[in-house]
Amino acid sequence: MPSPIAVIDFETTGMTPAQGARATEVAIVLIEGERVVDRFQSLMQTGVWIPPFITELTGITNAMVAAAPPAVEVMRAAARFVGDTPMVAHNAAFDSKFWQSELRQAGLDAPQPFACTVLLSRRVFPDAPSHKLGNLTAHLGLPHTGRAHRALADAEMAAALLARMQRELCQRFDLPWPDHALLMQLQRCARQSMGKLLDRLALNASGAL
DNA sequence: TGCCAGGCCCTCTTTAGGGCCTT
């Protein structure tokens with residue numbers, strides 16, 4: 001049984017917590033292999049104003065978050081949901097910063113390691129015309145999961161993309177189902193060294209080494 | 001009501017610049 005991975009997506013008021021941006025919605029999809037085994041989703045109230053262009057992008061309004069539970073409450077529930085499960089996000093540099101920032105403001109640590117589906121997809125599908133989440137999932141023919149730029153739909157898309165890449169790695173290199181540690185290793189490789197790493201793993205898997 | 005980051009990767013590179021990706 002493949003070990004679980006938590007795929008997360010935040011909607012926010014801006015690009016970075018360093019400039020005062022806060023989360024407006026979080027969704028987490030727990031997957032084991034290719035199977036979604038659990039989901040967590042909630043809007044959250046931080047008191048930070050949502051600019052109109054963000055509302056246009058996400059559909060999330062100031063009225064919606066005003067009626068949502070406080071961010072501290074939501075993040076504590078999210079942390080309980082994730083536990084120590086390793087995490088994945090599409091452009092993890094973005095979501096991991098909000099994960100750390102929102103948990104810190106809720107008085108919690110964020111010890112979970114993050115792997116990134118953007119970095120991985122650039123390795124696994126280097127010839128894809130675009131590595132934006134929506135474009136890439138459409139290019140690969142993955143199922144439509146709902147309104148783009150809502151947290152749960154995007155987390156489900158990223159989870160489907162991750163599973164597709166893991167299956168691709170299994171088939172292409174005759175590997176066992178790649179775990180989070182291997183995904184972390186792959187995302188850090190330059191394209192050539194990724195090939196060498198996978199060749200070595202494939203030889204290992206075949207018993208040749 | 002609105003400002004606009006940062007890490008990664010590629011290449012016409014490495015004493016750098018520009019594009020991609022996330023909201």
Which of these, A:Thr137, A:Asp9, A:Thr117, sits in a side-chain hydrogen bond (donor to acceptor under 3.5 Å, both in side chains) with A:His90? A:Thr117
How many whole angstroms separate atom [atom1] of [X] from atom [atom2] of [N]?
X	N	atom1	atom2	answer
A:Leu57	B:dG2	CG	P	17 Å
A:Phe94	B:dT23	CZ	C1'	4 Å
A:Arg122	B:dG7	CZ	P	14 Å
A:Leu161	B:dT22	CG	C1'	14 Å
A:Gln187	B:dG7	CD	C1'	12 Å
A:His90	B:dC21	NE2	P	7 Å
A:Met15	B:dC20	CE	C1'	11 Å

Nearest-angstrom distance, C1' atom, B:dG18 to B:dC12: 12 Å
Polar side chain donor-acceptor pair, A:Thr58 to A:His149, under 3.5 angstrom: no
Give a yes or no on whether a salt bridge exists between A:Arg39 and A:Glu156, defined as a side-chain N under 4.0 angstrom from a carboxylate O. yes
Looking only at side-chain atoms of A:Gln19, point me to the closest of B:dA5, B:dT22, B:dC8. B:dA5
Using a heavy-atom cut-off of 4.0 Å across all strands, would you classify A:Leu119 as base, sugar-phosphate, or nothing? sugar-phosphate
